[in-house]
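To start, the structure itself, in structure tokens.
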Amino acid sequence: MYDISQIVRKNILSLVPYSSARDEYSGQDAMLMDANENPFNDPLNRYPDPRQRELKQKLSLVKKVSPSRIFLGNGSDEAIDLLVRCFCDPGRDNIVSIKPTYGMYKVCADINNVEFREVLLKRDYQMDLFSMLDNVDRNTKLMFICSPNNPTSNNFAREDIVMLLKNFRGLMILDEAYADFSSEPSFLEELDAWPNLVILQTFSKAWGLAGIRLGMAFADEQVIAVMNRVKYPYNINWLTQQRALEQLEKQGEKDQWVKNIIAERNRLSGELERLSGVRRILPSDSNFLMVRFADPKKVFTGLQSKHIIVRDRSSVPLCEGFLRITVGSPEENDKLLDALKKMNLD
Ligand SMILES: *Cc1c(COP(=O)(O)O)cnc(C)c1O
């Protein structure tokens, strides 16, 4: 069995977490005179459930994962930061990750003064397993990988992820922000098999709720328990919990959005491919396209002057010449194509 105490920071292991009077009361319908709230302005006058029980219950049915294995954060970004703070001793421990990938992993490591070791992907945008494992030492507590990867838009080979899970003794954090758009199934079904696996998902992409800030982490209950001890007590506000509950009742709507976005991704990719200044489009398992242009800076500023904002990734290693374009609505994609067709792309 996996011994969590071997990888948690000592001060976190011995931490006495903040506890409210309501944490210690499990009955129903009490009169609440414990938290100095305003008795008027129901329901927003009340502090939200710090354990988000109703939302986790619902999510547990949707994701088929027990509530004790779910952490909810103020965006996935909170989960990323918490994992670094719970498991990595500043100035001593390190994290192994890939390059290029989502920028928040390194930012959180840097904020916490934790060394961040980036291993360049191979030319085919797959992971260099041997170099990654080569970078692991006794102070490597976490590994961050992202599949489908941002910004390269591809999935990593399943057997490669499994190989890392088998060979790395710290926590392997697999960011699945784009899993809904992928042709590969999520690793969530295999959570039971891997006590060192932490899966991150989010309401910001497929669920269409970036504005409410809600991210999920799924992991062994010992890992979740550590994260819950360290998080702010009321990290998920009441409005967010209510809105997420409503959206979870409408899974069909999310599924339809995903279908439409994938169809638009394929259409957009096909049309872009025919433009003269487009050099290459990476195969995408996500809701964005990596497009290499002959002159990416000119395209970027040209689009900007037409009030179309895309992400310039042209100076990112392995992404030289690429712009990252989020798949929009059919109307937005048409406008983008129209703007590009009117530009001299070469
Ligand atoms: C968009 C994105 C997220 C989502 O972050 P939130 O804080 O949940 O909005 C997470 N990981 C990656 C790789 C992303 O691209």
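What you are looking at is a predicted structure, and each value in this text was computed from that prediction instead of being measured. Numbers here simply count residues along the sequence, with the first being 1. In listed order, ligands and their atoms are each counted from 1.
- Considering every non-hydrogen atom in both Pro100 and Val316, the closest pair reads CB-CG1, 3.4 Å.
- Of the protein's non-hydrogen atoms, Tyr178 OH, 2.6 Å is the one closest to atom 15 (O) of ligand 1.
- The nearest protein atom to atom 11 (N) of ligand 1, hydrogens excluded, is given as Asp175 OD2, 2.6 Å; this is a heavy-atom distance.
- Checked against a 6.0 Å centroid threshold, the rings of Phe300 and Phe293 do not count as neighbours.
- Atoms of ligand 1 lying under 4.0 Å from any heavy atom of Cys146, numbered from 1 in the order shown and given with element: 13 (C).
- For ligand 1, the atoms closer than 4.0 angstrom to any heavy atom of Arg213 are 6 (P), 7 (O), 9 (O).
- Defined by atom type and a distance below 3.5 Å, a donor-acceptor pair is missing between the side-chain atoms of Asn149 and Ser147.
- In summary, the atoms of ligand 1 found under 4.0 Å from a heavy atom of Ala177, numbered by their order in the structure, are 2 (C), 3 (C), 10 (C), 11 (N), 12 (C), 14 (C).
- Seen from the ring of Phe218, Arg69 does not count as a face-on cation partner, given the 6.0 Å and 45° thresholds.
- For the atom pair CD1 (Ile212) and OG (Ser204), the distance works out to 8.0 Å, reported to the nearest 0.5 Å.
- With Asp338 as reference, Lys342 is the one residue of Lys335, Lys342, Lys341 to meet the salt bridge (charged side-chain N to carboxylate O under 4.0 Å, His left out) rule.
- In this structure, the protein non-hydrogen atom closest to atom 5 (O) of ligand 1 is Ser76 OG, 3.6 Å.
- A salt bridge links Glu115 to Arg117: one of the charged nitrogens lies within less than 4.0 Å of a carboxylate oxygen.
- Here the heavy atom of the protein found nearest to atom 9 (O) of ligand 1 is Ser204 OG, 2.6 Å.
- Less than 4.0 angstrom separates some heavy atom of Lys205 from each of these atoms of ligand 1: 1 (C), 2 (C), 3 (C), 4 (C), 14 (C), 15 (O).
- The closest approach between Met104 and ligand 1 stays at or above 4.0 Å for every heavy atom of the residue.
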